Amino acid sequence: MKTALKSGEKERLSTIRLLRGHLKDAEIDKRTALTDEEEIGVLISAAKKRRESIQAYQAAGRADLVAKEQAELDIISTYLPAPLDTAEVEKIIEAAIAESGAQTIKDLGKVMPLVMSHTRGRADGKLVSELVRKKLSL
């Protein structure tokens with residue numbers, strides 16, 4: 001935050017202040033200090049809100065707001081763990097399927113918790129769900 005303040009990066013500074021507010025709110029709600037995993041959860045939630053806002057603004061034809069939200073999302077993304085690529089997610093899914101003994105799409109409920117525990121915050125849940133469904137339907 002100090003770096004953004006000193007260098008005059010107003011957009012970065014306002015986004016960091018907003019994130020600090022979200023983290024403080026979550027800490028107050030919990031009534032204890034947040035763990036690293038919980039802090040990442042707050043950042044993931046903020047990033048998800050930005051993605052949803054971008055889609056809504058694009059549908060409404062508001063390019064100015066899309067640019068603002070995209071800039072905030074880019075800043076938030078710098079604080080998130082590096083995302084997994086599709087090949088890494090598929091390896092995790094295959095390991096989870098082997099571990100759970102899943103055979104059909106009906107076993108989706110056994111596989112998803114195992115996969116999400118390894119990919120939380122580093123892969124989109126929709127993408128993971130689609131890949132698991134595709135693997136189990138083969």
Side-chain angles (χ1 to χ4, degrees):
M1 189 164 118
K2 287 181 183 180
T3 306
L5 186 62
K6 289 180 181 179
S7 65
E9 298 177 65
K10 291 181 181 180
E11 186 71 36
R12 185 173 200 78
L13 181 63
S14 69
T15 303
I16 292 171
R17 284 180 173 157
L18 184 73
L19 290 175
R20 287 184 65 184
H22 287 313
L23 290 168
K24 189 70 170 170
D25 288 344
E27 195 171 293
I28 290 169
D29 289 345
K30 188 179 175 199
R31 298 179 187 204
T32 60
L34 297 176
T35 64
D36 288 344
E37 193 171 293
E38 291 168 333
E39 287 177 354
I40 290 172
V42 170
L43 295 177
I44 290 168
S45 175
K48 184 176 180 181
K49 287 178 187 175
R50 297 304 175 287
R51 284 188 204 98
E52 291 170 354
S53 296
I54 288 169
Q55 288 177 345
Y57 291 144
Q58 284 175 337
R62 297 291 308 267
D64 56 331
L65 294 175
V66 168
K68 179 182 179 292
E69 293 291 326
Q70 185 62 50
E72 287 183 4
L73 178 60
D74 293 342
I75 293 166
I76 293 169
S77 296
T78 62
Y79 296 102
L80 291 172
L84 297 171
D85 65 2
T86 307
E88 292 171 322
V89 174
E90 287 179 350
K91 286 179 186 174
I92 293 170
I93 290 170
E94 289 169 5
I97 289 173
E99 183 181 330
S100 66
Q103 299 291 324
T104 65
I105 195 74
K106 291 180 183 180
D107 298 325
L108 182 70
K110 294 178 185 176
V111 178
M112 282 302 292
L114 295 172
V115 174
M116 291 308 292
S117 67
H118 294 294
T119 62
R120 189 170 319 278
R122 300 185 311 155
D124 181 41
K126 289 180 185 178
L127 171 70
V128 172
S129 178
E130 287 174 16
L131 292 172
V132 170
R133 288 177 188 276
K134 189 165 65 172
K135 290 274 187 194
L136 289 176
S137 64
L138 294 178

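These figures come from a predicted structure and were not determined experimentally.
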CD1 on Ile44 to OG on Ser77, rounded to 0.5 Å: 10.5 Å
Main-chain N/O of Lys110 paired to Asp107 side chain as donor or acceptor, under 3.5 Å: no
Under 3.5 Å donor-acceptor, Arg50 side chain and Ala46 backbone: yes
Donor-acceptor contact below 3.5 Å, side chain Thr15 vs main chain Glu11: yes
Distance, nearest 0.5 Å, that separates CD of Glu69 from CD1 of Ile76: 8.5 Å
Side-chain touch Leu136/Thr104, heavy atoms, less than 4.5 angstrom: no
Single-linkage hydrophobic cluster, 4.5 Å side-chain cutoff, Leu84 and Val111 together: yes
Shared hydrophobic cluster for Ile105 and Met116 (ILVMFWY, side-chain gaps under 4.5 Å): yes
Tabulate below the donor-acceptor pairs under 3.5 Å that side-chain atoms of residues 23-30 make, not counting sequence neighbours, or state none.
{"from": "Lys30", "atom 1": "NZ", "to": "Glu38", "atom 2": "OE1", "distance (Å)": "2.7"}
{"from": "Lys30", "atom 1": "NZ", "to": "Glu38", "atom 2": "OE2", "distance (Å)": "2.9"}

Spatial distance of atom OG1 (Thr86) from atom CD (Glu130) [nearest 0.5 Å]: 10.5 Å
Single-linkage hydrophobic cluster Val66~Leu73, side-chain heavy atoms < 4.5 angstrom: yes
Donor-acceptor pair between Thr35 and Glu37 side chains, under 3.5 angstrom: no
Main-chain N/O of Thr3 paired with Ser7 side-chain donor or acceptor, under 3.5 Å: yes
Spacing of Glu90 atom CD and Ile97 atom CD1 [to the nearest 0.5 Å]: 10.0 Å
Asp36, CG: over 12 other non-hydrogen atoms inside 6.0 angstrom: no
Arg122 (side chain) donor-acceptor with His118 (main chain) under 3.5 angstrom: yes
Shared hydrophobic cluster, Leu114 / Leu108 (ILVMFWY, side-chain heavy atoms < 4.5 Å): no
Atom pair CD1 (Ile40) and CG (Leu34), whose distance is rounded to the nearest 0.5 Å: 11.5 Å
Glu72 vs Lys68, salt bridge (charged side-chain N to carboxylate O under 4.0 Å, His left out): CA-CA, chis, key distance, verdict: CA-CA 6 Å; Glu72 287 183 4; Lys68 179 182 179 292; 3.0 Å; yes
Transitive ILVMFWY side-chain link Leu18 to Tyr57, under 4.5 Å: no
Considering all heavy atoms, the nearest Leu19-Tyr79 contact: CD1-CD1, 4.5 Å
Interatomic spacing from OG in Ser14 to CE in Met1 - rounded to 0.5 Å: 11.0 Å
